[in-house]
Engineer: 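Supplied in structure tokens, the structure appears directly below.
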Amino acid sequence: MPAVSSGSPADPAPVPAADAESAVDAGSAGPAAAVDPTAAGDPVSGPRRGRPGYDQQTVLNVAVDVFNRHGYEATSMGILAENLGITKSAIYHHVTSKGDLLRLALDHALDGLEAVLDDPRASSGAADARLEFVLRGTIEVLTERLPFVTLLLRLRGNTEIERSALARRREFDHRVAGLVEAARSEGSVRSDIDPRTTTRLLFGTINSIVEWYKPGGPLPAQKLADNIVTMVFDGLHTRRS
């Protein structure tokens, strides 16, 4: 994916133009725009209250939706303000810049994915069982944090924030690929298929979820995970006696 891999050449300085605009806008917001750096952390652990009727989580959710529809670089603070129904200066009561919104969004996606690998069940036991646990956990993160992971998968690496996120994503990919190789070495998955091909196809399948899966639709997340795990480990070919 998020198993979040690009399957493509490595995705991934002065501040890019997109962030420079945010900085200029932030400067125009005046002293009220200052944000306590200890309060702008993980969007799940406790969004900081700002202007009445809004909080950081609300602003972040709308921003991620707009970034996914228009692209991060093409989204100005003015467009964000229009979608939120507030002024640009009001946004700065919640975050310091457009880049800060991007950072919070990507952290939310990556923190969820990394937590799966940090779970003891991902590091103990048979390799195929560990791999299955990671696949199910990754699918759960994708379905629960779909807009955030979608944003992660569409990064181009044009800003330092994006490049940092892509480096974390590649490390996640590398660790999952190690599980595939371990299962192959143990003989619990096929050894006649090139492991790089297996890993890329696996990542491609899981990453595609963000393009077509609809939370709340007829396919529950648990059933989706069951289907993907069955395809990965058993294949589609009907076994004959």
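Worth saying up front: this structure is predicted, and the values here are computed from it rather than measured. Along the sequence shown, residues are numbered consecutively beginning with 1.
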Engineer: Between the side chain of S124 and the main-chain N/O of R121, is any donor-acceptor distance below 3.5 Å?
Structural biologist: no
Engineer: Do L131 and R184 touch side chain to side chain, with heavy atoms closer than 4.5 Å?
Structural biologist: no
Engineer: Any side-chain heavy-atom pair from L80 and M77 closer than 4.5 angstrom?
Structural biologist: yes
Engineer: Would you mind reporting whether I161 and L106 have side-chain heavy atoms less than 4.5 Å apart?
Structural biologist: yes
Engineer: Hey, could you give me each pair passing side chain to side chain donor-acceptor pair (under 3.5 Å) that has a residue in residues 59-70? Not counting sequence neighbours.
Structural biologist: Q57-N61, D65-R69, R69-N83
Engineer: Will you find, in the side chains of T159 and E162, an N or O donor that is under 3.5 Å from an N or O acceptor?
Structural biologist: yes
Engineer: I'd like to check R169 versus L153 (side-chain heavy atoms, cut-off strictly below 4.5 Å). Are they in contact?
Structural biologist: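 R169 vs L153: side chains touch.
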Engineer: I want to check something: taking the side chain as every heavy atom from C-beta on, are F203 and V176 in contact at a cut-off of under 4.5 Å?
Structural biologist: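 Side chain of F203 against side chain of V176, heavy atoms only: contact under 4.5 Å found.
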Engineer: Within the structure provided, determine whether I193 and L201 are in side-chain contact (heavy-atom separation under 4.5 Å).
Structural biologist: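 A side-chain contact is absent here, since even the closest heavy-atom pair is not under 4.5 Å.
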Engineer: Side chains of V64 and H108: does their closest heavy-atom pair fall under 4.5 Å?
Structural biologist: no
Engineer: With rounding to the nearest 0.5 angstrom, report the CG to CD distance, L117 to E171.
Structural biologist: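 Reported to 0.5 Å precision, the distance equals 9.0 Å.
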Engineer: Say you draw a straight line from CG of L146 to CD of E211; how long is it, rounded to the nearest 0.5 Å?
Structural biologist: 9.0 Å
Engineer: Are side-chain heavy atoms of L135 and I228 found at a separation under 4.5 Å?
Structural biologist: no
Engineer: Drop me the distance from I91's CD1 to T96's OG1, to the nearest 0.5 angstrom.
Structural biologist: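 If we round to the nearest 0.5 Å, I91:CD1 and T96:OG1 are 12.0 Å apart.
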